Amino acid sequence: MAYVDKRKVLENVFKPDIFKFRIGELSQMTGVSTRQLRYWESKDIIQSLHRDGTQDARVYDYETFHKVQAIKYFLDEGYTLRASVQRTNEIFDLFKKTHAIIGNAVRGIEEINGETMVDLGVFDEEQQTRLWASIDDEKKVHYHVRAEGE
DNA sequence: ATTCTAACA
DNA sequence: TGTTAGCA
């Protein structure tokens, strides 16, 4: 097996931006028909990144996946398409902020005192402490605030 | 095999 | 919106 830089692996593990889907995949993932996806795009409800190599196939990103999933949810709740889009747009900036924070949350993984600890970054503004997380046999997460360099 | 557009037994 | 046809 080839050597892999641990930090480079972490950079990608929590970077869903690299996920790209074609229309058939997005359709199966969300339960929204390909016909609907193309129609929504014609109405500027969603957008795709065209040009998939040889074909002129649509390519969707991770954010669009969530947007489609949200619209689908509201449609199933009985909202009209227009209302579903409206509600989705209202809550989407929350998703973007959450996504941005989560994407930057995991800074590394270290073995501390024989226990696997996930580095969640500096804990205080003065950068004197760092937040770590571990998980026990019952899959319960425990948080630890440790002084820097300790 | 999959996606594309256009159109409607 | 579904579902075809005929392409690429």
Side-chain angles (χ1 to χ4, degrees), chain A residues 1-112 114-123 125 127 130-145:
Chain A
M1 177 189 286
Y3 170 75
V4 194
D5 188 308
K6 189 164 61 178
R7 285 191 305 177
K8 291 189 175 180
V9 171
L10 282 170
E11 284 177 12
N12 285 329
V13 166
F14 295 101
K15 190 172 65 178
D17 318 37
I18 63 179
F19 294 128
K20 298 294 165 53
F21 317 105
R22 302 175 83 207
I23 194 167
E25 299 171 311
L26 184 61
S27 177
Q28 287 187 48
M29 293 162 62
T30 60
V32 175
S33 71
T34 58
R35 175 74 169 89
Q36 283 176 299
L37 292 173
R38 295 191 183 96
Y39 176 71
W40 294 0
E41 181 172 341
S42 73
K43 296 299 182 182
D44 284 324
I45 293 171
I46 59 175
Q47 71 295 322
S48 63
L49 302 61
H50 274 271
R51 189 180 298 181
D52 174 32
T54 61
Q55 290 184 319
D56 186 34
R58 273 166 261 252
V59 174
Y60 300 95
D61 59 20
Y62 185 73
E63 184 175 311
T64 302
F65 158 65
H66 275 284
K67 193 164 187 173
V68 170
Q69 204 173 44
I71 295 171
K72 162 71 170 173
Y73 168 78
F74 288 119
L75 284 176
D76 289 345
E77 289 294 303
Y79 290 89
T80 63
L81 176 58
R82 180 181 164 76
S84 296
V85 171
Q86 173 66 32
R87 301 221 59 167
T88 295
N89 288 335
E90 287 172 1
I91 66 171
F92 224 60
D93 63 323
L94 294 177
F95 160 72
K96 288 180 181 177
K97 290 175 182 175
T98 301
H99 176 244
I101 291 174
I102 296 300
N104 288 314
V106 179
R107 313 306 287 267
I109 297 178
E110 301 291 340
E111 289 290 332
I112 298 180
E115 191 172 21
T116 300
M117 302 282 272
V118 176
D119 178 5
L120 295 179
V122 292
F123 188 66
E125 296 297 336
Q127 303 190 6
R130 181 170 293 268
L131 178 64
W132 298 84
S134 62
I135 187 165
D136 61 27
D137 294 335
E138 278 74 41
K139 299 187 189 307
K140 177 175 176 56
V141 176
H142 300 274
Y143 292 98
H144 319 266
V145 177

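We use all heavy atoms of the structure for the numbers below, so side chains are in, but hydrogens, waters and symmetry mates are not. Because the structure is predicted, anything quoted here is derived from the model rather than measured. Here is how names work: the chains are called A, B, and so on, in the same order as the sequence lines, proteins then strands, and each is numbered from 1.
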Within the pair Arg58(A) and dC4(B), is there a side-chain N or O less than 4.0 Å away from OP1 or OP2?
-> yes

Does OH in Tyr143(A) sit with more than 12 non-hydrogen atoms of other residues, nucleotides or ligands closer than 6.0 Å?
-> no

For Ser48(A) and Glu41(A) the tightest heavy-atom approach is OG-OE2, 3.0 Å

Heavy atoms, side chains only, cut-off 4.5 Å: are Ile71(A) and Arg87(A) in contact?
-> no

Taking atom P of dT2(B) as reference, at what distance in whole Å does atom CG of Leu26(A) sit?
-> 16 Å

Rounded to whole angstroms, how far apart are CD1 on Ile23(A) and P on dG2(C)?
-> 12 Å

Expressed in angstrom and rounded to an integer, what is the separation of Arg22(A) atom CZ from dA8(C) atom C1'?
-> 12 Å

Is there a donor-acceptor pair under 3.5 Å between the side chain of Ser27(A) and the backbone N or O of Ile23(A)?
-> no

May I have the distance from Leu37(A) (atom CG) to dT1(C) (atom P), rounded to whole angstrom?
-> 10 Å

Any protein N or O atoms within reach of nucleotides 7-9 of chain B? Criterion: under 3.5 Å, listing atom names and distances.
none

Calculate the interatomic distance between Tyr39(A) atom OH and dA6(B) atom P; express it in whole Å.
-> 16 Å

Give the minimum heavy-atom separation between Tyr60(A) and Gln47(A), together with the two atoms involved.
-> CD2-O, 3.9 Å

Secondary-structure string, 5' to 3', Watson-Crick or G-U under 3.5 Å, | for another-strand partners, for DNA chain B = .|.|||||.

When all nucleic acid strands are considered with a 4.0 Å heavy-atom cut-off, which category describes Ser33(A): base, sugar-phosphate, or nothing?
-> sugar-phosphate

Any idea how Phe21(A) and Phe19(A) line up, ring-wise: parallel (<30°), tilted (30 to 60°), or perpendicular (>60°)?
-> parallel

Should the ring pair His66(A) and Tyr62(A) be called parallel, tilted or perpendicular, given that the plane angle runs from 0 to 90° and is split at 30 and 60?
-> perpendicular

Could you check which residues of residues 67-84 of chain A get a heavy atom under 4.0 Å from DNA chain B? Sort them by number, please.
-> none

Return the minimal non-hydrogen interatomic distance between Lys72(A) and Thr30(A), and the atom names on each side.
-> CG-O, 3.6 Å

How are the rings of Tyr79(A) and Phe74(A) set relative to one another: parallel (under 30°), tilted (30 to 60°) or perpendicular (over 60°)?
-> perpendicular

Could you tell me the separation between the CD atom of Gln28(A) and the P atom of dT2(B), rounded to a whole number of Å?
-> 9 Å

What's the CD-C1' distance between Glu25(A) and dA1(B), to the nearest Å?
-> 12 Å

Candidates dT1(C), dT5(B), dT3(B) - which lies nearest the side chain of Trp40(A) | dT1(C)

Distance-minimising heavy-atom pair for Arg22(A) and Ala57(A) = NH2-CB, 3.8 Å

Taken to the nearest whole Å, CG/Leu49(A) to P/dC4(B) is 13 Å

Any donor and acceptor pair, going by atom type alone, linking the side chain of Ser42(A) with main-chain N or O of Tyr39(A) inside 3.5 Å?
-> yes

